[in-house]
Student: 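Have a look at the structure that comes next, please.
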Amino acid sequence: MKERLKNFIFQSDGKYTAELKLEEASFGLGKLPTRLLPDGVSKSICGYCSVGCSLDIHIKNNQAVNLTPTRHYPVNLGEACPKGWEALTPLRAMDRAIKPLLRNPNGQLEPVTWARAMEEFVNRFVAIQHKYGKGSVAFISTGQFTNEEMALLGVLAKFGMGFLHGDGNTRQCMATAVTAYKQSFGFDAPPYTYKDLEESDVIVFVGANPCIAHPILWQRVCMNPNHPEIIVVDPRKTETAMAATRHYALNPKSDLTLFYGLAQILIANGWINEKYINGHTIGFADFKNHVQLFSPDLVSQKTGLSMDDILEFAELIHRGKRVSFWWTMGVNQGYEAVRTAQAIINLALMTGNIGRPGTGANSITGQCNAMGSRLFSNTTNLLGGHDFLNSDHRKKIADLLNIKEDCIPRQNSLAYDQIIDGIIQNKIKGLWVIATNPLHSWIEQKTLREQIKNLDFFVVQDMYDTTETAQSADLVFPAAGWGEKEGTFINSERRLGLIKKVAEPPGEAKTDFEIFKLIAYYWGCEQLFTEWTSPKEVFHILKRIAKGQPCDISGIKDYQMLEDRGGIQWPFVLAQETAEPERRLFADGRYYHSDGKARFIFEEIKNNPEPVCDQYPFTLLTGRGSSVQWHTQTRTAKSKILRMLYPQQVYVEINTDDADRYKIRNSQWVTVATRRGRVRAKSFVIPTVKPGQLFMPMHYEQTNQLTLSSFDPYSRQPSYKTCAARISIDEWE
Ligand SMILES: Nc1nc2c(c(=O)[nH]1)N[C@H]1C(S)=C(S)[C@@H](COP(=O)(O)OP(=O)(O)OC[C@H]3O[C@@H](n4cnc5c(=O)[nH]c(N)nc54)[C@H](O)[C@@H]3O)O[C@H]1N2
Ligand SMILES: Nc1nc2c(c(=O)[nH]1)N[C@H]1C(S)=C(S)[C@@H](COP(=O)(O)OP(=O)(O)OC[C@H]3O[C@@H](n4cnc5c(=O)[nH]c(N)nc54)[C@H](O)[C@@H]3O)O[C@H]1N2
Ligand code: SF4
Ligand SMILES: [Mo]
């Protein structure tokens, strides 16, 4: 090990050299050398949400001094939300992780050298694998770093270190859309371009609150010149619902019934596009049979919407010439989520609202590079949308990477929740968590916290060593963040964009890319990565991997081309080099199944796993609280400006009538309890939540102490959006 240490450092071209002395090596080990940043403006894609706005970072004297939204970028056209404007601030936070930390025998985390950290990492993971088998270790990664880093991690862990299991926080977020698209279209392919929001005459948002969660997309809606009907399907009267032309406040998790009911009305009235159905789909006759029973009367009972509302909704879809359907977490996070997403897809297919401007069955993604993790993380599918179970695919990837085919697992990874279950069953003994904060964000958090204690070895790689998850780790790797590295992201509309290095990581923090390369070296599998010298080089590997797939990007020459074109949407093969800056899929009505046809997929309605009852009479909803808070707040809470724009204490929204009934005043401490536990929160009395419902933002740690571990059976995405709860005046007072 020591010998290796002596000989290791990155050169600016990413290659290793053997010139360092031991002392120097153990200090700046494996860190790319400081680069001088030229004065001027450097464009970079925002590192928060999946809208993928471009920001102009202003550089002076080798420092990023300011930023402004890029004016001529097709996504944001000169706009940014407050998180984007404040994107540089979290880099300078006082609690940045600056040294590797190792838990000492007294149970405290103490700083160690990178060399010591690497030794510990390799020795302990190897020992666990030796004792319990290869499958006894797992990683959980993210939708929040670059494609190049995702691919490097995926190849390192699965082909280099022999991990069988690795998943990401994208399971919490996008797994439902992925599964729904794969089954319905034959590939995970959100079909739209943002311009569709400007070209629709009817825009339907289901379980999506873009005014808060995707603010710049909402700006695009506001640019629509057609005075569109904007329909919001959400139990709460959200900011988006207030700005819409119609709001259907259905009962939580009654969406599937509603969409089957709408399909029934459309069919009964002949408001369908038979030519499209016959030419481009399979399974309509069975679907028609299935929805027959969903009469407006029944749908009204189940959804709580009036029959008039339901008929009006169907009529609006029928009257629209260009209807687009957009869904987010209100759909994806549910116990019958995949079928709900597919019910939306079915509506688009049966009315022929797909493949034309202003149409589509469109899932909006969450994190800046969730779309990249769907293609390149090597977790749920083999690199580039390939299949671990398919021997041709394994051979193809092995050949492309110039590695042995038997390095590639012949099985799918366990899903996130199965990895967590594996800990309690003593099957998973080592866990490596990268760029996600599960001890705050995972469902039924208390159980996870207990299970983590059962691990033999727990490693966290994060920008901050103060996160709930890092604080529980045995070993913490200090990571560079957005702004301190380069690479590519893919946004919701399949657009690849470039992020730039505009600041030095603090202390000994390294980019995730560097950390993975360092691990490869210490593990002794660096021969797999001779070509993986820098993100730029890895981008060419990704192009090779994706060639011939629906997500083909082989027409993108290099990073410079991405920059010059204002990002490029996949697919982009050579023939399309002169293509429009905004492109949608399925204009030719051909889907990715081998027969070229989309599928109608449907199923019986399921029972809510935890309905309300006398003891827990409220439905607890959770989600985003404000446009200035990001998830577990590790980044956004570092900005004084953003902090001023949202409540510091955890709060629960309760309807005005319920508050009266329970004698709860506004801004009073209350207790919210579920079968998992109870928390204190400030009451926020507000008519936008319906009677019988409560809403808590996910940004506060307490929220997931209450949620119920339940999952969609196909996507294994957690059902964060509903469980039974009670509320009372503070039981602790
Ligand atoms: N400011 C900010 N923006 C973000 C994020 C953030 O943390 N902060 N996170 C990003 C990420 S990763 C994601 S995934 C997206 C999420 O973006 P969204 O999905 O738009 O946000 P959520 O608030 O989680 O959920 C949307 C809505 O679903 C509704 N809902 C709950 N139950 C149901 C139901 O049964 N049916 C229907 N139809 N609706 C229901 C909720 O009331 C909520 O208003 O936001 C991204 N953007
Ligand atoms: N109750 C409830 N819970 C939810 C949801 C909900 O609606 N309701 N939504 C779910 C959804 S959709 C999501 S996406 C998840 C999000 O949950 P998380 O992924 O846990 O949330 P983040 O706060 O974004 O965590 C990202 C972590 O990565 C670190 N980080 C940022 N950039 C980098 C980097 O470049 N490198 C490294 N190594 N670290 C970095 C940050 O400091 C932070 O600790 O939460 C889920 N949880
Ligand atoms: S909308 Fe999303 S991508 Fe755009 S500035 Fe805000 S957080 Fe960044
Ligand atoms: Mo998400």
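Order of listing sets the numbers, starting from 1, for every ligand and every atom in it. Side-chain atoms are counted along with the backbone in the values below, which use heavy atoms only and exclude waters and symmetry mates.
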Student: Check ligand 2 against Thr632 and write out every atom of the ligand that is under 4.0 Å from a heavy-atom position of the residue.
Tutor: 20 (O), 21 (O), 22 (P), 23 (O)
Student: Please determine if Asn169 has a nitrogen or oxygen closer than 3.5 Å to a nitrogen or oxygen of ligand 2.
Tutor: yes
Student: In terms of atom number and element, which parts of ligand 1 are under 4.0 angstrom from non-hydrogen atoms of Gly207?
Tutor: 19 (O), 26 (C), 27 (C), 28 (O), 37 (C), 38 (N), 39 (N)
Student: Taking the six-membered ring of Phe695 as reference, does the cationic atom of Lys690 (NZ for Lys, CZ for Arg) lie under 6.0 Å from its centre and within 45° of its axis?
Tutor: no
Student: So for ligand 1, is Thr328 a polar contact partner (N or O within less than 3.5 Å, distance only)?
Tutor: no
Student: Start with the C-alpha distance between Phe145 and Trp482, add both sets of side-chain angles, then the distance that settles ring-ring contact (aromatic ring centres under 6.0 Å, His included), and finish with yes or no.
Tutor: CA-CA 8 Å; Phe145 55 46; Trp482 171 91; over 10 Å; no
Student: Are Lys485 and Glu514 close enough for a salt bridge, meaning some N to O gap below 4.0 Å?
Tutor: no
Student: Please could you name the atoms of ligand 1 that Val233 approaches to less than 4.0 Å, counting only its heavy atoms?
Tutor: 37 (C), 38 (N)
Student: Would Gln461 count as being in polar contact with ligand 2, using the rule that some N or O on each side must be under 3.5 angstrom apart?
Tutor: yes
Student: When only distance counts, is Ala435 in polar contact with ligand 2, meaning an N/O pair under 3.5 Å?
Tutor: yes
Student: Short N/O distance, under 3.5 Å, between Trp482 and ligand 2?
Tutor: no
Student: Between Asn332 and Trp327, is any side-chain donor less than 3.5 angstrom from a side-chain acceptor?
Tutor: yes
Student: What is the nearest protein non-hydrogen atom to atom 8 (N) of ligand 2, stated with its residue, atom name and distance?
Tutor: Thr622 OG1, 2.9 Å
Student: Pairs of nitrogen or oxygen atoms closer than 3.5 Å, one from Gln367 and one from ligand 2: do any exist?
Tutor: no
Student: Tell me, please: is Gln172 in heavy-atom contact with ligand 2, that is, under 4.0 Å?
Tutor: yes
Student: Could an N or O of ligand 2 be found under 3.5 Å from any N or O of Asp512, whether backbone or side chain?
Tutor: yes
Student: Could you tell me, atom by atom, which parts of ligand 1 come under 4.0 Å of a heavy atom of Ser627?
Tutor: 1 (N)
Student: Could you check whether any heavy atom of Arg624 sits closer than 4.0 Å to an atom of ligand 2, since that is the contact criterion I want to use?
Tutor: yes
Student: Are any of the N/O atoms on Gln144, whether in the backbone or the side chain, positioned under 3.5 angstrom from an N/O atom of ligand 2?
Tutor: yes
Student: Does Lys485 come within less than 4.0 angstrom of ligand 2, counting non-hydrogen atoms of the residue?
Tutor: yes
Student: Can you confirm, on distance only, whether ligand 2 has an N/O atom lying under 3.5 Å from any N/O atom belonging to Asn704?
Tutor: yes
Student: Which ligand 1 atoms, with their elements, are less than 4.0 angstrom from a heavy-atom of Arg236?
Tutor: 41 (C), 42 (O), 43 (C), 44 (O)
Student: Which atoms of ligand 1 are found less than 4.0 Å from any heavy atom of His214?
Tutor: 15 (C), 17 (O), 45 (O), 46 (C)
Student: With distance as the sole criterion, is a donor-acceptor pair present between the side chains of Ser50 and Ser492 under 3.5 Å?
Tutor: yes
Student: Just heavy atoms, cut-off under 4.0 Å: does Gln333 contact ligand 1 by side chain, backbone, both, or neither?
Tutor: neither
